[in-house]
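Everything below concerns the one structure shown next.
Naming: A, B, ... by sequence-line order, numbering from 1 per chain. Values below: every heavy atom of this structure, side chains too, minus hydrogens, waters and symmetry copies.
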2 protein chains.
Amino acid sequence: MNLSQLNTPTQLLDKDKLIANITRMQACADRLGVKLRPHLKTLKAARAAQTLIESGASGITVSTLKEAEYFLDHGFKDITYAVGIVPVRLPEVANLMSRGADLTIMTDNLDVARAIANEANLNRTPFKLLIEIDSGDNRGGLQPDSEEILQIGEILASSVAHLEGVLTHAGHSYGVNNAQAIEEIAAQERNAVVQAANRLRTAGYMLNTISVGSTPTGLYAIDLSGVSELRAGVYTVFDMDQQSRGVCKTSEIALSVLTTVIGHNKAASKILLDAGGIALSKDRSADPFRPEVGYGQICTVDGTEIAGLYVTSVSQEHGHVPVRNENDFALFPVGSQLRVLPVHACMTAAAYDYFNVIEDGVVIERWDRVNGW
Amino acid sequence: MNLSQLNTPTQLLDKDKLIANITRMQACADRLGVKLRPHLKTLKAARAAQTLIESGASGITVSTLKEAEYFLDHGFKDITYAVGIVPVRLPEVANLMSRGADLTIMTDNLDVARAIANEANLNRTPFKLLIEIDSGDNRGGLQPDSEEILQIGEILASSVAHLEGVLTHAGHSYGVNNAQAIEEIAAQERNAVVQAANRLRTAGYMLNTISVGSTPTGLYAIDLSGVSELRAGVYTVFDMDQQSRGVCKTSEIALSVLTTVIGHNKAASKILLDAGGIALSKDRSADPFRPEVGYGQICTVDGTEIAGLYVTSVSQEHGHVPVRNENDFALFPVGSQLRVLPVHACMTAAAYDYFNVIEDGVVIERWDRVNGW
């Protein structure tokens with residue numbers, strides 16, 4: 001199927017670029033001597049998981065229990081749910097485990113650890129738990145020197161639940177835009193979990209998993225000794241957020257939104273696209289380093305970047321593209337197709353139920369994905 | 001069903017508030033002597049359309065052809081598709097018309113008008129067309145004094161397509177936050193379409209529809225003489241964007257996201273919710289007037305506003321809520337539920353397939369909605 005046959009807006013996934021990106025991160029993990037457990041929060045597609053596993057990944061990471069269920073239904077069993085669990089969801093976790101999932105959950109909270117221990121003993125469910133460590137992102141996690149880390153170990157020790165290890169996510173690696181700064185955060189990320197793991201081991205706990213990960217730190221880490229696995233997600237497709245930080249080139253971005261020019265507002269010197277706030281998301285995370293990018297970089301329908309053309313504002317179903325000069329109206333007539341490289345691929349992809357997978361500019365497959373909770 | 005039985009994040013639609021909001025706008029339209037054609041881009045739910053029609057609305061507005069098809073499938077025939085049409089979608093429009101839709105489309109472009117006239121004549125399809133007018137928003141539309149307005153009239157006159165009238169959307173009414181400024185924009189919105197319509201009528205065209213609308217201008221317009229219909233959407237539920245502009249009270253917001261506390265990062269003085277960037281959207285449109293709101297206002301699980309608690313940052317599946325003081329950790333333990341009033345209801349609602357409709361704090365119905373394109 002040719003792109004001109006697709007209703008827009010719709011999303012395109014370039015298979016060759018996807019494979020190249022997957023290969024790049026797998027090579028990093030191999031070189032660093034760690035397993036790669038890709039985060040499917042970005043693609044949420046069984047066919048993507050299959051491609052990742054075939055390329056060397058050792059399991060998957062998910063961001064919702066609905067994703068866990070979807071991937072289990074598609075035969076993927078080794079799953080880490082890398083968002084803090086709450087007690088009310090434990091029966092769901094137990095159910096997925098009883099259906100064959102080798103599912104690992106996570107917390108940073110003493111009360112939740114107690115609930116896990118109780119529920120494990122009550123129903124003889126061997127929950128597998130990671131303790132979340134904050135390595136500087138200030139999102140979830142305990143400080144690596146926190147007393148509570150050992151207390152969670154103690155709580156689990158009296159139950160049939162098992163303390164698998166520790167996990168962190170250096171989300172603050174998105175806040176810098178040069179290799180040296182990312183390398184330093186990667187070291188900080190490693191050091192935080194290794195410190196926490198060493199404290200637990202000194203206290204007598206056997207740990208299987210020391211898990212780190214973000215796309216920038218995965219690509220730039222120099223030394224991950226003491227770490228067992230790397231998690232990352234957006235590297236599979238990249239986006240303008242990553243490009244703005246120097247982590248990828250525009251030409252490596254595998255996800256794009258196919259859009260149609262639906263209007264010319266000559267008085268306001270802008271082209272209007274049918275890709276607006278829902279189709280692109282309202283993420284503005286390229287702003288700190290490339291504010292001109294706005295909501296996305298415009299490319300020709302065959303994917304070639306058009307310098308100086310961006311979606312600078314959006315309403316629900318309109319993307320606004322200020323023209324460089326009058327000639328752009330003739331170059332991009334109403335009805336013509338363009339592509340938009342998204343700012344944040346995870347957010348953009350979530351607006352669609354599937355990917356149009358393209359090779360050499362034509363659609364070769366449709367990959368379904370899971371959304372919602 | 002009680003809220004505690006719902007998996008989170010999920011969205012709640014308060015039926016009493018919805019009805020009150022619908023009644024308020026219908027009263028405005030009645031007072032102004034215009035028909036109300038509510039914009040279903042916000043709710044995209046057949047049961048919402050039914051409620052609106054039962055309350056006096058005379059037809060509906062949609063933002064995608066997929067919405068048009070969904071509403072037609074649910075028995076709603078009088079539909080205006082208020083986003084610029086492109087020629088490649090005309091067969092779809094014709095198909096919906098052949099299936100019984102009284103569907104009106106829109107353009108501001110001469111080439112598109114020619115394509116409509118040609119396609120109409122070729123297949124004997126009596127397309128109904130509105131000319132889009134820019135009343136100051138600088139999105140789509142021709143200037144009211146533009147020569148092209150009469151040229152589009154001329155192009156259609158030689159075809160079986162029919163020029164229904166003119167339409168505008170004063171989206172710039174979202175850019176102000178006081179009654180007088182909104183009243184002025186409402187007058188500007190009215191004057192633009194009335195001017196365009198008068199020019200067309202002077203040239204001999206009979207027009208059925210002079211259409212204006214946005215939530216702020218619909219609520220604040222003083223005089224809509226010469227206008228036939230009003231379109232607006234977000235007023236059905238309101239949001240913090242509208243609240244920040246003084247258009248509604250927090251207590252009138254009918255849409256909220258039910259969320260669970262999934263973590264306490266005491267070192268970073270924040271509570272983490274399971275409602276993040278996908279569940280809330282990354283819309284920041286309350287920023288110009290109430291930047292403290294961030295991605296949403298926190299309420300108790302029964303919907304009472306909690307002063308000073310906001311979702312100030314989000315990652316994909318995490319909402320970050322800085323605590324006011326240490327006591328908030330005890331007030332909102334991990335596992336407890338809260339609600340978030342969204343910044344932009346149209347964007348937030350698009351992350352979900354349905355609404356949990358609540359009355360007196362319990363779920364009484366589930367309303368499905370359509371998403372995508």
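Nearest approach of B/Leu65 to B/Ile85, heavy atoms of both residues: CD1-CD1, 4.3 Å. Considering all non-hydrogen atoms of both residues, B/Ala350 and A/Ile278 come closest at CB-CD1, 3.7 Å. Residues A/Ile133 and A/Ala196 share a closest heavy-atom pair of CD1-CB, 3.6 Å. The shortest heavy-atom contact between A/Val257 and A/Pro9 is CG1-CB, 4.1 Å. A pairwise comparison of heavy atoms in A/Gly296 and A/Val340 identifies CA-CG1, 3.7 Å as the closest pair. Smallest separation of non-hydrogen atoms from A/Pro87 and A/Pro91: O-CD, 3.8 Å.
Chain B forms the most heavy-atom pairs under 4.5 Å with one residue out of A/Val86, A/Leu142, A/Val83, A/Val112, and that residue is A/Val86. No other option in B/Pro333, B/Gly372, B/Gly140 has as many heavy-atom pairs under 4.5 Å with chain A as B/Gly140.
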Below 3.5 angstrom, are there any donor-acceptor pairs between chain A and chain B, and if so, which atoms and how far apart?
{"unit_1": "A/Asn7", "atom_1": "OD1", "unit_2": "B/Arg89", "atom_2": "NE", "d": "3.3"}
{"unit_1": "A/Thr8", "atom_1": "O", "unit_2": "B/Arg89", "atom_2": "NH1", "d": "3.2"}
{"unit_1": "A/Lys41", "atom_1": "O", "unit_2": "B/Gln316", "atom_2": "NE2", "d": "3.1"}
{"unit_1": "A/Arg89", "atom_1": "NE", "unit_2": "B/Asn7", "atom_2": "OD1", "d": "3.3"}
{"unit_1": "A/Arg89", "atom_1": "NH1", "unit_2": "B/Thr8", "atom_2": "O", "d": "3.2"}
{"unit_1": "A/Asp134", "atom_1": "OD2", "unit_2": "B/Asn265", "atom_2": "ND2", "d": "3.0"}
{"unit_1": "A/Asn138", "atom_1": "O", "unit_2": "B/Lys270", "atom_2": "NZ", "d": "2.7"}
{"unit_1": "A/Arg139", "atom_1": "O", "unit_2": "B/Asn265", "atom_2": "ND2", "d": "2.5"}
{"unit_1": "A/Arg139", "atom_1": "NH1", "unit_2": "B/Ser315", "atom_2": "OG", "d": "3.0"}
{"unit_1": "A/Asn265", "atom_1": "ND2", "unit_2": "B/Asp134", "atom_2": "OD2", "d": "3.1"}
{"unit_1": "A/Asn265", "atom_1": "ND2", "unit_2": "B/Arg139", "atom_2": "O", "d": "2.5"}
{"unit_1": "A/Lys270", "atom_1": "NZ", "unit_2": "B/Asn138", "atom_2": "O", "d": "2.7"}
{"unit_1": "A/Lys282", "atom_1": "NZ", "unit_2": "B/Asp283", "atom_2": "OD2", "d": "2.6"}
{"unit_1": "A/Asp283", "atom_1": "OD2", "unit_2": "B/Lys282", "atom_2": "NZ", "d": "2.6"}
{"unit_1": "A/Ser315", "atom_1": "OG", "unit_2": "B/Arg139", "atom_2": "NH1", "d": "3.0"}
{"unit_1": "A/Gln316", "atom_1": "NE2", "unit_2": "B/Lys41", "atom_2": "O", "d": "3.1"}
{"unit_1": "A/Glu317", "atom_1": "OE1", "unit_2": "B/Trp373", "atom_2": "NE1", "d": "2.8"}
{"unit_1": "A/Trp373", "atom_1": "NE1", "unit_2": "B/Glu317", "atom_2": "OE1", "d": "2.8"}

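Using a 4.5 Å cut-off between heavy atoms, A/Val261 touches chain B through its backbone atoms (N, CA, C, O) alone. Both the backbone and the side chain of B/Ala279 have a heavy atom closer than 4.5 Å to some heavy atom of chain A. The contact between A/Ala351 and chain B is made by backbone and side chain atoms together, counting heavy-atom distances below 4.5 Å. Using a 4.5 Å cut-off between heavy atoms, B/Leu272 contacts chain A through its side chain alone, with no backbone atom that close.
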> After noting the C-alpha distance and the side-chain angles of A/Leu110 and A/Ile155, does the key distance pass the side-chain contact (heavy atoms from CB on, under 4.5 Å) rule?
Replying inline: CA-CA 8 Å; A/Leu110 289 176; A/Ile155 290 164; 3.9 Å; yes

>> Could you go through A/Phe332 and A/Val323, starting from their C-alpha distance and side-chain angles, then the distance that decides it, and tell me whether this counts as side-chain contact (heavy atoms from CB on, under 4.5 Å)?
In response: CA-CA 10 Å; A/Phe332 312 113; A/Val323 295; over 6 Å; no

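No side-chain heavy atom of A/Val311 sits less than 4.5 Å from a side-chain heavy atom of A/Val293.
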